Amino acid sequence: HLHSQGIVHGDLKPSNWLWKAEADLPCLSDFETARDLGTAPSCGTDDLTPRSRSTTVLPMLTRRYAAPEILEDPGRRRRKEEDKLADVFSLGRSIEEVLTLVARSSSPEREALESLVADMCRNDPFERISAAKAAEVWWDSMFSSCDGETKIVECREVRYTQAACSSRFSDGRPLHELVQAIVHDPEYALHHEALVLDIVVVRQRYMSVDNRRLWCYHEAQREIGQPVYIR
């Protein structure tokens with residue numbers, strides 16, 4: 001999500017991740033090294049107002065998790081994609097370290113994660129997988145191991161997997177179009193196959209993969225003041 005908003009963190013490591021108990025989600029912290037690579041719409045709006053940049057002057061990084069190209073020349077000015085790929089390397093190294101603390105197993109999930117980490121930690125940045133592709137690969141691996149069951153639930157039973165989302169779908173349509181369709185017909189989501197929500201189950205909780213559609217369902221439920229059921 002950060003990269004889609006034109007922001008790189010610059011110092012991803014395990015100690016910069018916190019746990020938000022009430023949402024049951026991890027939160028990224030310590031943005032002292034973060035840099036804004038340009039303007040991008042603010043979450044939930046079309047506002048393109050430039051955002052503030054880090055006041056950090058000297059490169060600040062943790063060598064243990066830094067990408068090879070960053071260690072080679074920390075002060076070199078890089079292209080936007082290079083900065084993003086350096087973040088990917090650091091996240092891969094962080095996941096790799098966390099895995100050493102988890103009991104060894106031959107589960108498909110662990111094998112898929114180890115394979116993904118290898119693609120994230122390639123020394124050549126241009127052979128490294130992007131953050132968006134890494135997320136896509138991970139969710140695909142999760143779905144391949146699920147039972148594919150479809151059920152009807154109230155939308156408030158499903159939780160977000162991100163703290164924010166963009167204001168438009170990938171085809172450019174504004175989210176409010178779907179909100180108004182559901183407000184007009186509260187069963188709208190039940191009648192359209194394309195609106196079936198992909199979820200994963202974490203600690204017996206439903207977690208949505210598509211946060212934009214889930215936001216639409218929640219917003220429609222708030223506007224009409226009655227439960228909205230989804231598949």
Side-chain angles (χ1 to χ4, degrees), residues 1-18 20 23 25-62 65-95 116-117 119-122 124-139 160-178 208-216 219:
H1 175 71
L2 281 178
H3 289 180
S4 72
Q5 296 298 306
I7 298 172
V8 292
H9 186 279
D11 192 26
L12 290 173
K13 55 188 176 183
S15 60
N16 281 342
W17 288 95
L18 308 175
K20 189 174 183 179
L25 287 173
C27 295
L28 185 57
S29 67
D30 192 2
F31 281 79
E32 185 178 0
T33 56
R35 291 195 296 117
D36 191 335
L37 300 179
T39 58
S42 299
C43 295
T45 74
D46 294 319
D47 180 25
L48 288 174
T49 304
R51 297 176 297 260
S52 61
R53 296 173 181 269
S54 169
T55 55
T56 301
V57 177
L58 295 175
M60 299 177 65
L61 53 86
T62 306
Y65 307 101
E69 65 272 17
I70 301 295
L71 292 176
E72 184 177 334
D73 189 356
R76 183 173 73 84
R77 191 174 183 82
R78 293 174 173 79
R79 291 183 295 176
K80 294 179 181 180
E81 289 308 311
E82 289 181 280
D83 282 326
K84 292 178 181 179
L85 291 168
D87 260 1
V88 170
F89 183 96
S90 298
L91 179 58
R93 277 283 182 258
S94 300
I95 296 171
L116 181 57
V117 165
D119 287 335
M120 296 171 73
C121 294
R122 294 188 183 279
D124 185 337
F126 297 104
E127 292 182 359
R128 214 170 286 155
I129 192 170
S130 69
K133 185 62 178 177
E136 180 184 333
V137 168
W138 175 246
W139 287 122
Y160 295 104
T161 49
Q162 291 180 336
C165 64
S166 64
S167 62
R168 294 179 179 272
F169 290 108
S170 55
D171 63 3
R173 289 180 299 115
L175 301 189
H176 279 285
E177 283 189 7
L178 178 54
S208 173
V209 177
D210 189 337
N211 293 280
R212 287 173 294 190
R213 272 186 289 173
L214 181 59
W215 181 86
C216 292
E219 185 66 11

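Worth knowing before you read on, the calculation uses all heavy atoms, side chains too, and leaves out hydrogens, waters and symmetry mates. What you see is a predicted model; the values in this text were computed from it and never measured.
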Side chains of [X] and [Y] in contact at under 4.5 Å (non-hydrogen atoms):
X    : Y    : answer
L12  : L28  : yes
L175 : S166 : no
W215 : Y160 : yes
P174 : F169 : no
N211 : T161 : yes
Y65  : S94  : yes
K84  : S130 : no

For the [atom1] atom of [X] and the [atom2] atom of [Y], what is their distance to the nearest 0.5 Å?
X    : Y    : atom1 : atom2 : value
L178 : E219 : CG    : CD    : 11.0 Å
M120 : K133 : CE    : NZ    : 14.0 Å
I129 : L85  : CD1   : CG    : 10.5 Å
S29  : N16  : OG    : CG    : 4.5 Å

Hey, is the main chain of L214 close enough, under 3.5 Å, to the side chain of S208 for a donor-acceptor pair?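 No; zero donor-acceptor contacts below 3.5 Å.
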Would a distance-only check, ignoring hydrogens and angles, find a side-chain to backbone donor-acceptor pair under 3.5 Å from R173 to R168?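 No; judged by distance alone, with no hydrogens or angles, the pair does not exist.
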Return the minimal non-hydrogen interatomic distance between [X] and [Y], and the atom names on each side.
X    : Y    : answer
I7   : H3   : O-CD2, 3.2 Å
H9   : D30  : NE2-O, 2.9 Å
E127 : R122 : O-CD, 3.1 Å
L71  : A66  : CD2-CB, 3.8 Å

How far apart are the C-alpha atoms of L2 and V8, what are their side-chain angles, what is the distance that settles it, and do they pass the side-chain contact (heavy atoms from CB on, under 4.5 Å) test? CA-CA 7 Å; L2 281 178; V8 292; over 6 Å; no
Cut-off 3.5 Å, side chains only: do D11 and S90 have a donor facing an acceptor?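 Side-chain D/A pair, D11 to S90: absent.
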Under 3.5 Å, is there a donor-acceptor pair between the T62 and K13 side chains?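 Yes.
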Does the distance from a Lys or Arg side-chain N to an Asp or Glu carboxylate O, for R128 and E69, drop under 4.0 Å?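 E69 and R128: salt-bridged.
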